[in-house]
Amino acid sequence: MCLFQSTKIARIFACLAAILVALAALTWSSSARAYVWMLRHDGAYVGCAMCHADPSGGALLTQYGRNLGEQKLRTYFGKHGEDEEVGSAGSFLFGAFPVPDPLLLGGDVRSLYLHTIPSRAPATDRYILMQADLQAQVSIDWLRANVSAGYVSEGALGAALTVGAKDRLVSRTQWVGAVFGDNDRFLVRAGRFNIPFGLRVTEHTLWARTVTRTDTNASQQHGVALAFNVPKWRAEVMGIAGNFQVSPDAYRERGYSAFVEHEFADRWTLGASSLLAHSERDISSGKPTWRHAHGLFSRYSPSKILVLLLEADGLLSSTQTKKDYGLTGMLQADVEPSQGLHFLATAELLDRRLGTDGVSYGLWGSAAWFFAPHADARVDLVWRSEAVTQTRASATALLAQMHFYF
Amino acid sequence: MMTFSHLTRFVFLVSALCLPCLADAKLVRTTDPAKVEFVALGPLGIQVNGHGSELSVGDDGTTVTVTIPLQSLSTDNGLRDRHMREALETSKYPNTVLTVARGDLKFPADGQSLSATAPGNLFLHGVTKPVQFTYDAQNAGGAIQTKGRMPVDMTLWGITPPSYAKIAVDRNVTVNVAFVAADR
């Protein structure tokens, strides 16, 4: 007889755990694209800054990033020479109107069908408009000004501009910055942007992103940051002033987050991240809390067809009365047998309180196809077994996404 | 009619004429694979690595030439290669040639190695300019393994640094070549 059936209290815990797992799966929401596996190409794309307005990757593309995406991301049908020019397919809205040089424009629309099967609750089906963002950046000489605004049908609370349970306006980034140094190697910026930490993967609900609160969906914070990008090195350090799109102030975290990554050999990088933040009322503990996350990450592409991504982070949540040490990590293999077609296998783990609750596991099997200019489809089958207060609950989720960018 | 004495004198004369030729060894590339690499840096951390394996070595006894067919160079990106060839105008100037006076080169003895700097002239994009290059040479049983390095400011040869989608590589490119030659 299993523990769930042995006592009434255990059954309540089991139900709670099942609900938690289901909720975790259901909070899947929008994502800004960032393809860390691009390092498989040409040896030139270890860094992110040449393709993204955010020097550490994600969201708004530079013109170079747009062209490269068209050239290297998608499947071509029929005859296509490798040396063919990208043409208007690399432009905003396929070049429907000219965009002046100082201006970058972009947008993402991503929708999701989600079928969730908790182990001890009825299955659910949902359709979510995860992302409908417009992004823009103005570059005048050394000056950069960047903003995004959009709509989500649900989720993305941390990025919300409006209140209410559903139908929110969101803004994930607003910042101004200045580039300087040889080859624009430095960018100093202030405003709201992604937290520089770990692998900026598209799968923003991986525990390595959610538990460290460094996902690209809604974990952006306001602050000041200095980014550094030269061949084989990239780094960013951010002073976190808090997320001023949440209130009251007690919930806002203050501290720092940083990463550094170096390409030690051709298509093999190793990086380190560190985050320390304090809030007067932590969203998990409800108490004044110091939150730590420190870890290593690596990217390795032994051949163009395969990229391996690894991240491991140590966690510490410290209040006046207790300290919880934890661990989270992920390993992902991205196989691209033919340009534009990706098969991914991901394993993840989470131990929120070492030696207390047990270890949570997750397995992902995914396929993504960049089937047309500015368009990709993706299917994920996610199984998670989560340890919750001496018991365990699992859920399986099937996700089908469509993504268009323009 | 040529007598034996005449024949002897003729053979002696021919041999005497040939002796300097025999004494003047020439560099000949062996069949070992050669390597040509270049690195171009750009803004925001971009680094373009180019490579090739076609290279020929010529030696007329007074001048050594190293010729690289530019069409053979690749950056593993077809479109970028096309832009590179357009910038270099490879259809018009298919080769780059480094010319060095043999007397300016040092040759290591068998079992020895050395590093040195030498002057030369680089023909590229229809322009010839003096250059300085450094090289390491190691003599293993008569096979001289040579690795040379040279910075090239492409604008000095009239080349506009290739630019794509508002990102241009730096005008300074580092060129590395490696080959094995025998001094025969």
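Throughout, protein chains are lettered first and strands after them, A, B, ... in sequence-line order, and every chain is numbered starting at 1. Side chains are part of it too, since the values below use all heavy atoms of this structure and drop only hydrogens, waters and symmetry mates.
For the residue pair L79(B) and Q71(A), the shortest heavy atom distance occurs at CB-NE2, 3.3 Å. The nearest pair of heavy atoms linking L44(B) to D184(A) is CD2-O, 3.6 Å. Of all heavy-atom pairs between Y64(A) and Y164(B), the closest is CD1-O, 3.5 Å.
Here the straight-line distance linking atom OG1 of T62(A) with atom NZ of K166(B) works out to 9.0 Å at 0.5 Å rounding. The distance from the CG atom of N77(B) to the NZ atom of K72(A) is 4.0 Å, given to the nearest 0.5 Å. A distance of 11.5 Å separates CG of N183(A) from CD of Q47(B), quoted to the nearest 0.5 Å. Distance NE2/H41(A) to CG/D76(B): 11.5 Å, rounded to 0.5 Å.
Heavy-atom contacts from other residues, nucleotides or ligands closer than 6.0 Å to NZ of K35(B) number 12 or fewer. The environment of K232(A) atom NZ is dense: over 12 non-hydrogen atoms of other residues, nucleotides or ligands sit within 6.0 angstrom.
Of the two parts of D182(A), neither the backbone nor the side chain holds a non-hydrogen atom closer than 4.5 Å to a non-hydrogen atom of chain B.
Test R80(B), R82(B), R85(B) against D83(A) for side-chain contact (heavy atoms from CB on, under 4.5 Å) and you get one pass: R82(B).
Looking only at heavy-atom pairs under 4.5 Å with chain B, the residue among E85(A), R234(A), R185(A) that has the most is E85(A).
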